[in-house]
Number of protein chains: 2
Amino acid sequence: MSVAHTRVTPQAGGPCGDDDCGIREVLDRIGDKWTVLVLVELAKGVRRFRELHRAIPGISQRMLTLTTRRLCRDGLVERTAYPTIPPQVEYELTAMGRSLAESVQRLAGWSREHKDAMREARARWDADHPGEA
Amino acid sequence: MSVAHTRVTPQAGGPCGDDDCGIREVLDRIGDKWTVLVLVELAKGVRRFRELHRAIPGISQRMLTLTTRRLCRDGLVERTAYPTIPPQVEYELTAMGRSLAESVQRLAGWSREHKDAMREARARWDADHPGEA
DNA sequence: CAGCATCCTCGTAGATACTG
DNA sequence: CAGTATCTACGAGGATGCTG
């Protein structure tokens, strides 16, 4: 997510209310393509770089590096590097990271509960609105 | 958020587990720049197009149109157009939309609780890692 | 008022090659 | 193994003008 988020001006007390300001902040963290997947995988336990890479099909080394680094920076993940040869690096959720992963998984629960309803709604809409991409 | 999401191949039973597959699905819906803001504003009650536009500073007419349409398509928002002159259109959350808004706001709660800790973590990281953009 | 159509910018992420 | 560096693309989103 950051979706080229040019940041919605967070003017406290502005017309945007106070509720959503917090929302954009999380979404700017977890809204991107890979963060949640890493989060969920790490929720299962400690993982090495390569293990994460294999566990998350499709992610490139580059994106895994960037994603884990951002998570470390925000205090959501702890990185431990053992100066062995070959090198070995372990990633683990911090307490805050586990708390976020939990919240995220609740949202995933919502998704599972409603995915069918949404699929139907979409099919209905598409049927009623012919001539749309 | 669709963040140019080329869709992580959702191979059931794959190494990516079953938990996260639901996560990406919600994020593909709400992870973009404006959806959650519209969701939260509509959670406060029925809104007309112009009211939404004013309530969400920074959004363009184009993006508001696209965002509301997608929400309608997924059955999260109901659109009611009155054929008056000038036209008048009202947007309202459906039951499913309200349910999603609630879940999203819980995530926003997490954000508010931890934003300070994350800010501190980031400051610490930046101090320990000089020479990064 | 509530859109639609068009053009353009710029960030996210993919691909590939190299290193401690 | 666990990265870094560089180049490229794609597409979400911004700006602007027009319409029923």
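Proteins come first, then strands; the chains are lettered A, B, ... in the order of their sequence lines, and each starts at number 1.
- Here D:dC7 presents its P atom at 19 Å from CE of A:M63, a figure rounded to the nearest Å.
- Counting to the nearest Å, the C1' atom of C:dT12 and the CZ atom of A:R29 are 15 Å from each other.
- Separating the CG atom of A:L64 from the C1' atom of C:dG14 is a distance of 14 Å, rounded to the nearest angstrom.
- Distance alone, capped at 3.5 Å, places no donor-acceptor pair between the A:S99 side chain and the A:A95 backbone.
- One cannot find a donor-acceptor pair under 3.5 Å joining the base of D:dA2 and the side-chain atoms of A:R50.
- Rounded to a whole Å, the CD1 atom of A:I59 is 9 Å from the P atom of C:dA13.
- Residue A:R69 places at least one side-chain N or O closer than 4.0 Å to OP1 or OP2 of D:dT4.
- Residue A:R62 places none of its side-chain N or O atoms closer than 4.0 Å to OP1 or OP2 of C:dA15.
- Listed nucleotides: C:dG3, C:dA13, D:dT4. Nearest to the side chain of B:Q61: C:dG3.
- One can place CD of A:E51 at 13 Å from P of D:dG3, the figure rounded to the nearest angstrom.
- OP1 or OP2 of C:dT12 has not a single side-chain nitrogen or oxygen of A:R70 nearer than 4.0 Å.
- Rounded to whole angstrom, the span from the CD1 atom of B:I85 across to the C1' atom of D:dG20 amounts to 8 Å.
- For A:P87, the side-chain atoms get nearest to D:dA2 when compared with the rest of C:dA2, C:dG14, D:dA2.
- OP1 or OP2 of C:dC1 has not a single side-chain nitrogen or oxygen of B:R47 nearer than 4.0 Å.
- At D:dG3, one or more side-chain N or O atoms of A:Y91 fall inside 4.0 Å of OP1 or OP2 (strictly under the cut-off).
- Among the nucleotides D:dG13, C:dG3, D:dA2, the one closest to the side chain of B:R79 is C:dG3.
- Candidate nucleotides C:dG20, D:dG3, C:dG3 were compared by shortest atom distance to the side chain of A:V89, and D:dG3 ranks first.
- For the pair B:F49 CZ and C:dG3 P, the interatomic distance rounds to 5 Å; values are reported in whole Å.
- For the pair B:Y82 OH and C:dG3 C1', the interatomic distance rounds to 18 Å; values are reported in whole Å.
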